[in-house]
Every structure is written in C-alpha cells, then in structure tokens.
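Single-structure report; data block below.
We use all heavy atoms of the structure for the numbers below, so side chains are in, but hydrogens, waters and symmetry mates are not. Each ligand, and each atom within it, is numbered from 1 in the order the structure gives.
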Amino acid sequence: MRATMTLLLAATVASSPAFSQGSSEHQSHHAAGNPTTTSAAAMSDGEVRKVDKEQRKITLKHGPIANLDMPPMTMVFRAADPAMVERVKAGDKVRFSAEKVGGEYTVTRIEPSK
Ligand SMILES: [Cu+2]
C-alpha cells in the first residue's frame, strides 16, 4: 500500500510539476494533523481493579498507553468526571483514554469493552 502510494506520487511529480506542489502540501497537512488527533482519541484496554467513589479514583490494570508513553501496568487514575466511578465496577473490562492533568494521571473517557 505504502509502496504503491510512493510510486504514484513519484509518477505525479515526474510527469506534472504543477501537481507536485499541491501533493506535498496535502502530505504535510496530514503529517502535522495526525499525531494530535491520534493521541486525543487513543483508547487503551484495561480492566477495573478497584473503584473509590469518595476519592473519585479508579484502579486499572491497563495495556500500553501510547499518548502517555506508558507500558502495561496496574495503577490508580483520577476520574475526570464523577459519573465515571458510578458507571464502572471492579472486574469490568474497559476501553479508556487517559491524560496527565495537573500532574495526575486522569481518565478522560471510559467505556465497557466486549
Ligand atoms: Cu500506568
């Protein structure tokens, strides 16, 4: 797929200099936009180990979290939204997004996984 794209692009550049300008602008637009979009929307797999409703904390055994550069582990997260600790319970398999907010690892999104 990537090799095909490169060949097509090379052919376009070779045969039509006018179009090559537009193509490279298009390429750089995507290169700049993708990492941001991906990290904001990235979901990681996890399993709820413990929910502390009073402290609004969720202990998750999680898989790799790309945007936090974190390997799989079990750790405590703060829930961004109080409703999150009502929605999940120990033993639930979930998909979630986490970010570091104010120095605390915070779950910004969490949903059941199947
Ligand atoms: Cu972790």
Side-chain angles (χ1 to χ4, degrees):
M1 192 60 183
R2 188 159 290 181
T4 311
M5 294 285 284
T6 308
L7 280 175
L8 283 174
L9 198 62
T12 308
V13 170
S15 64
S16 167
F19 277 115
S20 78
Q21 184 64 31
S23 291
S24 51
E25 269 175 30
H26 189 74
Q27 289 278 89
S28 61
H29 166 77
H30 279 276
N34 273 344
T36 317
T37 313
T38 306
S39 75
M43 300 287 281
S44 303
D45 289 308
E47 186 182 320
V48 178
R49 283 304 165 94
K50 197 180 143 191
V51 178
D52 186 332
K53 292 185 184 183
E54 281 179 21
Q55 299 292 315
R56 213 207 285 175
K57 306 268 180 166
I58 301 173
T59 306
L60 288 171
K61 180 186 173 195
H62 68 76
I65 304 177
N67 61 301
L68 294 176
D69 199 20
M70 204 185 267
M73 68 178 83
T74 299
M75 63 185 281
V76 180
F77 289 90
R78 184 179 165 77
D81 178 351
M84 286 175 178
V85 297
E86 305 294 335
R87 279 209 308 267
V88 298
K89 61 181 190 310
D92 284 357
K93 296 262 206 289
V94 294
R95 285 177 63 71
F96 70 100
S97 295
E99 282 168 45
K100 203 164 187 181
V101 180
E104 277 190 290
Y105 290 113
T106 304
V107 173
T108 53
R109 215 178 130 192
I110 192 164
E111 62 189 43
S113 67
K114 289 140 209 146

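- Tracing side-chain contacts under 4.5 Å through hydrophobic residues (I, L, V, M, F, W, Y), one reaches I58 starting from M73; they form part of the same cluster.
- Put simply, CG on D92 and CG on L60 are 10.0 Å apart, with the number rounded to the nearest 0.5 Å.
- Atom NZ of residue K100 and atom CG of residue D69 lie 11.5 Å apart, to the nearest 0.5 angstrom.
- With 2.8 Å as the limit, M70 counts as an N, O or S neighbour of the Cu ion (ligand 1).
- Vertex the Cu ion (ligand 1), arms ending at SD of M73 and SD of M75: the angle is 110° after rounding to 10 degrees.
- Among the backbone and side-chain atoms of T74, none of the N, O or S atoms lies under 2.8 Å from the Cu ion (ligand 1).
- The one candidate from M84, M43, R95 that meets the side-chain contact (heavy atoms from CB on, under 4.5 Å) condition with I110 is M84.
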